[in-house]
Amino acid sequence: MVVRRVLPQFIVSLVIILMLIFYFFYINDDVAKTFSADDKALSDWAVIISSFALIVGGVDIFRFHLTQLRRGGLKQAPFSVVTLIAELTMVVFGAYGLALSYLNPALGITITTQPQFRWLYTYVYAPSDSAMYSILVFYIASASYRAFRVRNPMALLLLIVAIIVMLGNTSLGALIWPGFLPLRDWIMTIPNTAAFRPITIGAGLGVIILGLRMLVWREVSWMGRRE
Amino acid sequence: MISWEVLGAWLGAALVVWIYSFVYRDNVFYKFAEHLFVGVAAGYSISLALDSLNRVAIKPLSTNPAVSWHYVIAIILGLLMFMKYSKKYYWLARYGVGVNIAVGTALALRTTPMANIVRQITATILPLWTPDPVTTLNNWLLVLITLGGLTYFLFTIFPKKPEAGKPSLPYYVYRVLYTIGIYGMMVGFGALFANTIMTRVGFLISIYLQYLQPNAWASITAALLAAIAIIAGIVMGRSRK
């Protein structure tokens, strides 16, 4: 129980307190330098651990599709093979680039500049990513039809503002009426800023409360399954 | 001889069309493109993680171990995350997750009070009477909409309307602020909605500009062939049904 639940929570509280001390407390210049170095070290630790978390995520996808290969049947198996081969290929080229950066540094090749890796990124990842992201425009079109049906004054206001902002963002809007651009700028600077200010304050309060809950061991959902 | 760039343009164009074919209905081409994308994206994430590990931990450890020795602890904590696959020792992964969450929480606790609360409040404390009427109107709007939004979100204890007689002054004040808050937020959401649409449309256009234009003929031919293949696939699928 102690090593499974208490010690991890204790480490969380300890690291939070240490990082808050490093940031807010000033004793003298030497101590401040040490605090700054320790603070950077802890931030680097988080980067290192996050990198491992990304790798764990990749391994999870690999394991999932291996299972699909065994149990998914003929309908799913070919697609899982595509995912597995694509993931492996990308990792192999990336690792090859990393190895080259150590074995032959004169070439100046790293993971992201390895030619095959770059090719896969430029011609497979980048267009697919953009297409996946932009495909949502069609769903937004249907969502906007529902949202823009004027049923009350609030919906009418939302519709008018959305039309002004959209026209203000395009050159067509400026051709129709030159005032769309300054009107859009005013909407974004005054009412939009004011509307999102309370949301920002509310989110800030939420973050502080969550942090305090972590500090006093009230928030345990991050530990996953219960014993 | 077809160069790798032209082949890439063909593949990129085909992938875009295959992914867009989902707008009509789910089909085998979309599934292929989707699974290829998932695989490549996962591999890309792993490679980026390796790159980051190399830059932040491995290189400092190999060049200056006397100063960077403590990164070994972080590497061990990171490796412990793989214990989540063990039924017996899954709890060891909590140590790595714990440190990460703690650093994230501490960073948020350090910056949020100032950025999300104090600065927002100080930015709202504005002069309500100025020589310039436009500035005065803007300041009034900023203050009232912010107060209205706060009334709507945070001060959620609404003064009750008496069953008989006139409602109290706080009731009216609260009601007015509440309504201003809702209307202000509608303006904000309208602007957000419009910006989201414009971003997505921008991506749609950028696909053509970035990936299809450099090898226009190859790309257009590939896109047409991919579209024909999709239509043929859908027609064949229908006739089989």
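In what follows, chains carry the letters A, B, and so on, assigned in the order in which the sequence lines appear, proteins first and then strands, with residues in each chain numbered from 1.
Within the 4.5 angstrom heavy-atom criterion, atoms from both the backbone and the side chain of V28(B) approach chain A. Heavy-atom distances place both the backbone and the side chain of F79(A) under 4.5 Å from chain B. With a 4.5 Å cut-off on non-hydrogen atoms, A123(B) touches chain A through its backbone and its side chain both.
Heavy-atom pairs under 4.5 Å with chain B peak, among V12(A), N192(A), I190(A), at I190(A). The residue among D44(A), L20(A), T193(A), V15(A) with the most heavy atom pairs within less than 4.5 Å of chain B is D44(A). Your options are G97(A), A95(A), G202(A), A46(A), and the one with the most heavy-atom pairs under 4.5 Å with chain B is A46(A). Of the residues considered (L79(B), L77(B), L50(B), N139(B)), L79(B) shows the highest number of contacts with chain A, using heavy-atom pairs under 4.5 Å. Considering only heavy-atom pairs separated by less than 4.5 Å from chain B, the leading option among I11(A), L205(A), L42(A), V124(A) is V124(A). Between chain A and the residues N195(B), V187(B), V143(B), the largest count of heavy-atom pairs under 4.5 Å involves V187(B). Counting heavy-atom pairs under 4.5 Å between each of D39(A), L18(A), V81(A), D60(A) and chain B puts D60(A) at the top. Annotation: maximal heavy-atom pairing with chain B below 4.5 Å, among A195(A), G94(A), P198(A), occurs at P198(A).
A donor-acceptor contact shorter than 3.5 Å links the side chain of T83(A) to the backbone of H35(B). The backbone N or O of M223(A) lies less than 3.5 Å from a partner atom in the side chain of R94(B), making a donor-acceptor pair.
Counting all heavy atoms, side chain and backbone alike, Y125(A) lies closest to V40(B) at CB-CG1, 3.7 Å.
Residue F62(A) holds its CZ atom at 9.0 Å from CD1 of I46(B), rounded to the nearest 0.5 Å. Note that CD1 of I135(A) and CD1 of I19(B) are 7.0 Å apart. Values are rounded to the nearest 0.5 Å. Interatomic distance, M132(A) CE to E34(B) CD, rounded to the nearest 0.5 Å: 5.0 Å.
Using a 4.5 Å heavy-atom threshold, the side chains of Y102(A) and N54(B) count as touching. Contact annotation: the side chain of M198(B) approaches that of T170(A) to within less than 4.5 Å [non-hydrogen atoms, C-beta and beyond].
Residue-environment remark: CH2 (W4(B)) stays at or below the threshold of 12 foreign heavy atoms within 6.0 Å.
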